[in-house]
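Here is the naming used below: chain letters follow the sequence lines, and residue numbers restart at 1 for every chain.
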Amino acid sequence: MALRFYNTLTQQVEPFAPLHDNTVRMYTCGPTVYNYVHIGNLRTFTFQDILRRWLRARGYQLDHVMNITDVEDKIIRNASAEHKSIAEYTEKYTQAFLEDTATLRLERPERLVKATDHITDMVEAIQKLAAREYTYTSDGSVYYRISKFHGYGKLSHNDFSGIRAGARVDVDEYDKANARDFVLWKAAKNGEPSWDSAIGPGRPGWHIECSVMAMKYLGETLDIHAGGVDLIFPHHENEIAQSEALTSKPFARFWLHSEFLNVEAQKMSKSAGNFYTLRDLLGMGYAPEVVRYLLASVPYRKKLNFTFDGLKAAATAIDRLRNFKLRLETDRFPEGANQKLEERTQAAARQFGESLDDDLNTAEALAALFEYVRDANTSMDSGEFRAGNVPSALELLNEFDRIFDVLRPSGDHAGLTDAQVEQHIAERAQAKKNREFARADQIRKQLLEAGIILEDTKEGTRWKRK
RNA sequence: GGCGCGGUAGCCAAGUGGUAAGGCAGAGGUCUGCAAAACCUUUAUUCGUGAGUUCGAUUCUCACCCGCGCCUCCA
C-alpha cells in the first residue's frame, strides 16, 4: 500500500500525495524561544524529522517552513526580568534551539521564519480579515469573531455553535464578545514591546503568525501541517479560521499531530522534578543518538513513556545494529552469494518501507530490521552468509540510517589514532601467540580505558570505539 | 460535562476476525585462553473486566473499571 497518514481533520488514515507537482509543502509549528527545548518538544520535532526523511525517501521534494515564535508573553516577561530586549533574549534561545536540534540530528527545514520578521504581513492579514468583517476591536485590540466562521471546530471536532456572545462566561477582562474569540492584535501596553501599524500600536497574537507565514511561503493550501496534539485546539483551529476566512480555500490538506511524552509514566513538569532538556540528558552522559532512537522508536501517535531504562535499552539496541554493521565490514565471508539470503534482505527492506508508509509505524519498521539482523547473524555463524550478500545488507542498514540516523557515534574521537590502536592490537596478538594471556588482557584493558573495545574473532581481532 | 487517546509478557512496544512482531532485562546453553560479539533454548494458552455478534475475537459491538490529553496562547 502506498504512503498514508492519519489526518486529524478527517480522523482517518488517508493516502498521501502532494497537491502540486512532486513537492510537499509542509508547515510545522516550531519553538517559542524562551527556554531550552525539552524532550517533549523534541519528541515532536523528531517525529517531524522522520516525516521529512521518509517523504524524501519516497521521492518527494520538500518545502518545509518552520516558525520561530519570538514575541509572546513569556518572552516579554523573561526578557524584561533580565533587562534585555526581546531580540537579544530570543537570539540566545534561537541559537540554542538550532544547536540542540542539530545535536539530535534533526534536519533543518528549508525555511526557518521568525514572527517578528513578518509583522507587516500580519497587519495586512488582519486588515483583510477586518474588511471581511471577521474582526472587532475593543480597547485597541483586534479580535477574531469565531461565530462568523462556519467551520469553526472542524479540526478539534468540537461543536461551538451553542456558545453565544455574553452567555455564561464573563469575559469582561478582555472585552471579548465570545469566550472563544481570540486576539489577532494586542494593543500596546506600557513597558511591553510594540509595533506601530495601521491598526494601531501593538503586537500580534499568537495564531496569526502561523497563518501568515505558512501562506506567504507555501501558498493558500498546504499539503501538511503538523504539531503536537496540544496545538489542535485552539491554535490550529484558529489558524484554520484565520486562513480560510482570508482565502476561502482549505488551509491544509493533512493535519498530523504527535502525541505527548511522559517521563516515567508521569506528566513531565518542572514541579514534578522530571523535566529534562536535551542538555540535561547529555550532561548525564547519554549520547544524542540514544535519545533520538528512543524518541523515534515509538510511533508518533502513541504516548511515549520516556524512561531511563528506555534510554539504556535504546543504547543497547543501537549497539546491536552497530555490531552487525561492523561485522559486515570486517568479517571475511566465503565467495559467492546466498540467493535465499538476498531475498530475505529484499523482504526486510520491503517490510521496513511498508511499515513507514503506514503512518510512520517506526516500531514495526524496526522490528523488520531486527528480525533481519538476527537472520543474517545466524547465517554468518553457520557460514551461509557470503561475500556477495554484504552490499545489499549494508544498503539495508543505510536505508534504515537515512531515516533513523543513529549508527554514527557522536562521541569525540580524540585519543588514539587508528594506527596506534592497530599497533597495540598487533602487540597483543603476539602476546596471545606466546600464550602470555596476562599481557594480552592488560593491553585489552588499557585500550578499553582509552575507549577502544576489542573483539576476538576467528579471523583476528576487530575493534570499535566506545 | 464535551472532544480525543490508551490499557498486550519484568520494562518499552507492534499487530491481526483464525489463534500473539521486535527491542531491553532475566535464566540456561553453544562458541572463546578469558572476555566481547553472535547464536540457541526459555519468559503472555493469553492481549483491563463483563456480556454480545461469530464456526472462531486480543482484533467487531455494548457496558463497566483504570490511566492520560485538550476544552483561554502547553510539543
Side-chain angles (χ1 to χ4, degrees), chain A residues 8 11 28-32 37-48 69 72-74 153 156-160 162 169 171 173-174 176 179-183 186 205-207 226-235 237-238 257-262 265-269 293-294 297-299 301-307 309-321 323-324 326-327 331 351 355 361-374 376-382 432 435-438 440-441 444-445 448 453-458 461-464:
Chain A
T8 306
Q11 298 179 298
T28 58
C29 290
T32 300
V37 283
H38 61 250
I39 54 175
N41 299 318
L42 291 172
R43 199 267 167 112
T44 293
F45 296 137
T46 301
F47 142 64
Q48 291 163 3
T69 300
E72 181 264 356
D73 290 352
K74 279 189 286 284
S156 55
H157 303 285
N158 280 312
D159 179 7
F160 295 104
V169 188
V171 291
E173 189 189 345
Y174 295 106
K176 289 193 284 188
R180 307 281 182 182
D181 287 349
F182 57 92
V183 69
K186 293 187 180 186
W206 177 37
H207 313 297
V229 283
D230 57 318
L231 297 184
I232 295 171
F233 190 87
H235 184 52
E237 196 73 72
N238 291 349
H257 292 100
S258 53
E259 253 298 348
F260 262 49
L261 162 156
N262 291 130
Q266 301 282 311
K267 185 183 167 91
M268 182 172 74
S269 71
Y293 182 97
L294 180 55
S297 63
V298 178
R301 286 202 295 128
K302 174 122 182 166
K303 284 188 189 70
L304 189 158
N305 189 13
F306 188 96
T307 66
D309 280 352
L311 277 177
K312 287 190 201 98
T316 311
I318 292 172
D319 277 343
R320 181 166 166 79
L321 297 174
N323 287 336
F324 177 64
L326 186 67
R327 199 174 180 189
D331 273 16
Q351 184 56 54
S355 296
N361 191 337
T362 49
E364 198 174 72
L366 287 171
L369 180 71
F370 278 104
E371 243 176 304
Y372 170 76
V373 169
R374 179 171 26 76
N377 270 321
T378 302
S379 61
M380 286 177 185
D381 288 352
S382 70
K432 277 177 66 175
R435 304 196 64 81
E436 295 165 20
F437 293 122
D441 289 350
R444 184 169 63 196
K445 196 178 163 209
L448 182 63
I453 296 167
L454 300 191
E455 295 175 4
D456 292 336
T457 73
K458 280 173 199 151
T461 301
R462 71 178 164 222
W463 63 279
K464 61 189 176 187

Complementary nucleotide of B:U59, counting Watson-Crick and G-U pairs under 3.5 Å =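 Base partner found: none.
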
Looking at [N], does its base get a donor-acceptor pair with the side chain of [X] below 3.5 Å?
| X | N | value |
| --- | --- | --- |
| A:D456 | B:C34 | yes |
| A:R301 | B:C5 | no |
| A:D159 | B:G2 | no |

Salt bridge check: are A:R327 and A:D381 linked by an N-O gap of less than 4.0 Å?
-> yes

Base, sugar-phosphate alone, or nothing: which one does [X] contact when heavy atoms must sit under 4.0 Å apart?
| X | answer |
| --- | --- |
| A:K458 | nothing |
| A:A367 | base |
| A:L42 | nothing |
| A:D230 | base |
| A:S258 | nothing |

Using atom names, set out every protein N or O paired with an N or O of nucleotides 7-12 of chain B below 3.5 Å, distance rounded to 0.1 Å.
unit_1, atom_1, unit_2, atom_2, d
B:C12, OP1, A:N305, ND2, 3.3

Nearest listed nucleotide, side chain of A:R462, among B:A37, B:G22, B:C24 =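 Of the options given, the side chain of A:R462 lies nearest B:A37.
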
State, with a plain yes or no, whether a side-chain heavy atom of A:H235 is found less than 4.5 Å away from one of A:H207.
-> yes

So, do A:N158 and A:E237 sit near enough that their side-chain heavy atoms are less than 4.5 Å apart?
->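 The answer is no; the side chains never approach within 4.5 Å.
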
Would you kindly give the NZ-to-C1' distance between A:K267 and B:C68, to the nearest whole Å?
->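 A:K267 atom NZ is separated from B:C68 atom C1' by 9 Å.
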
Hey, is A:F260 doing a stacking thing with B:A75, by the 5.5 Å centroid and 30° angle criteria?
-> yes

May A:F370 be described as stacking on the base of B:G22, applying a 5.5 Å centroid limit and a 30° limit on plane angle?
-> no

